[in-house]
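This report concerns only the one structure given below.
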There are 2 protein chains.
Amino acid sequence: MTMLTDAPRRRQIEDVASALFRASGYSATSVRDIARALDMQGASLYSHMASKEDVLWSIVDRAASAFEEAAELALEAAPARDPRARVMALVRAHVGVIARDPGQASVFVAEWRHLAGDRRAAILERRDAYEARLRSLLADGMAAGEFALADPAIAATFLLSALNGAATWYREDGRMSADQLADQYADLALRTLTEDTR
Amino acid sequence: MTMLTDAPRRRQIEDVASALFRASGYSATSVRDIARALDMQGASLYSHMASKEDVLWSIVDRAASAFEEAAELALEAAPARDPRARVMALVRAHVGVIARDPGQASVFVAEWRHLAGDRRAAILERRDAYEARLRSLLADGMAAGEFALADPAIAATFLLSALNGAATWYREDGRMSADQLADQYADLALRTLTEDTR
DNA sequence: CCTACCGATCGGTAGG
DNA sequence: CCTACCGATCGGTAGG
């Protein structure tokens, strides 16, 4: 999570909004709810934002970039020809982004549908591209004989649902560190990909 | 999904509301949106419901009962001392409830937080009890030496997130039948529980 | 960043 | 099930 103190106002607004959107959803959170959390008047927020949807867009766009960049970095660093290591790296990166800012992540996961028109379309495209990358990693692993999957597309969706679930429940002050979360989730995720030999 | 034709009005309202809540969320769906989908005036709905939250409660309560009853039946029918078979049965039952009515299920999964007070507390308790049942099944399997899990609570959360994800994307008219979904998800879920022997 | 204010829409009621 | 209507609240603007 980002420090709320001393962050620029716009960023403070986005962080407070993330937390409120996460707890109650975008539509049930009013501009005045956000203002109240910052000890401001509702109308004053409009010095820093053009619209409520604008703030949602900033959060979702930033989250999408965080996932994309983390995946990029992780896959660059991972061995090129080891599908297991590559999936592991992607999963750990994904969980890391969630653990670092669960508010932002959960807004990305659950509230993007309140975006309209082009923004909605753009984010859907990026989500699809991201999922496609996991899908192709799974296909690579199958081609290499490392994974056994009846349907890599279903497996990718199954996995991403499981990982994204953490955005809803994970608390930074809970009993689990970000690393512990990443370790456990990566382990569970990897198991999904190979035959169950008992 | 339930037939909309000839269902009693109250049930039609709940089915239409489920679909709209699933697509846009509870707060972004107005009473007039629901009425419009039924070719009625907004105020006319109040002959059949006391409040908007009342309709949400009916959907969530019915969904909770469906999950509970399906789990009960599945576990009664499953062998008492075979943890793998028992988890498999529970997963298949859970996915079956989702596939049979994804609208109802996704409202249960995502919109319960818009309930207030006692209802919210009651549903949280039932969710906890349901998850606890899966958790204890996992613990049984570990005790029997059949499952290898670092933390059965985390595994249960991971699994339920993965399964519930289907409530968001599954379409009855899509390329996958309910049985295919249940088969694939049960397979993926079961793999999660045993060591990855490669 | 504030006060004052806008039109639109919200959930819900009265009365038929 | 409809028309007519209610107060409250919504996102947002004007002007300082």
Side-chain angles (χ1 to χ4, degrees), chain A residues 4-61 107 110-120, chain B residues 4-61 107 110-120:
Chain A
L4 294 187
T5 347
D6 288 336
R9 260 275 120 118
R10 170 63 187 232
R11 181 56 191 253
Q12 287 180 34
I13 293 171
E14 290 174 18
D15 287 338
V16 159
S18 293
L20 293 172
F21 293 167
R22 185 191 194 203
S24 312
Y26 174 76
S27 297
T29 303
S30 74
V31 168
R32 271 135 185 108
D33 290 334
I34 300 170
R36 192 177 313 116
L38 291 164
D39 277 310
M40 292 169 71
Q41 295 301 314
S44 304
L45 287 181
Y46 287 87
S47 313
H48 305 282
M49 68 190 211
S51 71
K52 185 186 168 190
E53 200 203 305
D54 229 67
V55 172
L56 174 61
W57 168 249
S58 292
I59 299 165
V60 169
D61 179 44
V107 172
E111 308 297 331
W112 62 268
R113 58 184 172 166
H114 295 108
L115 293 168
D118 290 351
R119 288 167 159 180
R120 189 186 168 118
Chain B
L4 293 188
T5 348
D6 288 335
R9 257 280 121 118
R10 170 63 189 235
R11 180 55 191 252
Q12 289 180 33
I13 292 172
E14 290 173 18
D15 288 338
V16 158
S18 294
L20 293 171
F21 294 168
R22 185 192 193 202
S24 313
Y26 174 76
S27 297
T29 303
S30 75
V31 168
R32 272 135 185 108
D33 290 334
I34 301 169
R36 191 176 314 116
L38 291 163
D39 277 311
M40 292 168 70
Q41 295 300 313
S44 304
L45 287 181
Y46 287 87
S47 313
H48 305 282
M49 67 189 213
S51 70
K52 185 188 170 190
E53 198 203 306
D54 229 67
V55 172
L56 174 61
W57 168 249
S58 292
I59 298 165
V60 169
D61 180 43
V107 171
E111 308 297 331
W112 62 268
R113 58 186 171 165
H114 295 109
L115 294 168
D118 290 352
R119 288 167 159 180
R120 188 186 170 120

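In what follows, every chain begins at residue 1, and chains take the letters A, B, ... in the order their sequences are listed.
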* Hey, does A:S27 reach any base, or is it just sugar-phosphate, or nothing, if we go heavy atoms under 4.0 Å? ->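 Nothing, no heavy atom under 4.0 Å.
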
* Pairing string, 5' to 3', for DNA chain C - Watson-Crick or wobble contacts under 3.5 Å, brackets [ ] where pairs cross, | to another strand -> ||||||||||||||||

* Applying the side-chain hydrogen bond (donor to acceptor under 3.5 Å, both in side chains) test to B:E14, which of B:R11, B:R10, B:Q12 qualifies? ->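 The passing option is B:R10.
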
Euclidean distance, [Y] [atom2] relative to [X] [atom1], rounded to 0.5 Å:
{"X": "A:L20", "Y": "A:R36", "atom1": "CG", "atom2": "CZ", "value": "9.5 Å"}
{"X": "B:E111", "Y": "B:S24", "atom1": "CD", "atom2": "OG", "value": "9.5 Å"}
{"X": "A:L38", "Y": "A:H48", "atom1": "CG", "atom2": "NE2", "value": "9.0 Å"}

* State, with a plain yes or no, whether a side-chain heavy atom of B:R22 is found less than 4.5 Å away from one of B:T29. => no

* Do A:D33 and A:F21 have side-chain heavy atoms sitting under 4.5 Å apart? ->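 Result no, sub-4.5 Å side-chain heavy-atom pair not found.
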
Specify the separation, in whole Å, of atom [atom1] of [X] and atom [atom2] of [N].
{"X": "B:D54", "N": "C:dT13", "atom1": "CG", "atom2": "P", "value": "11 Å"}
{"X": "B:D33", "N": "C:dA8", "atom1": "CG", "atom2": "P", "value": "18 Å"}
{"X": "B:R36", "N": "D:dC1", "atom1": "CZ", "atom2": "C1'", "value": "17 Å"}

* Asked: Of A:M40 and A:R32, whose closest DNA chain C nucleotide lies nearer the 5' terminus?
  ->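 Result: A:M40.
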
* To do: Between B:Y26 and A:Q41, name the one whose nearest nucleotide on DNA chain C is closer to the 5' end.
  => A:Q41

* For B:R9 and D:dC1, is the shortest distance between a side-chain N/O and OP1 or OP2 below 4.0 Å? ->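 Answer is yes, contact under 4.0 Å.
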
* Does any residue of residues 42-52 of chain A have a heavy atom under 4.0 Å from DNA chain D, and if so, which ones, in number order? ->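 Heavy-atom contacts with DNA chain D come from A:A43, A:Y46, A:S51, A:K52.
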
* To do: Without swapping roles, check the side chain of A:R120 against the backbone of A:R113 for a donor-acceptor pair under 3.5 Å.
  => yes

* Does any N or O in the side chain of A:Y26 come within less than 3.5 Å of the main-chain N or O of A:A110, such that one atom is a donor and the other an acceptor? ->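 Absent.
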
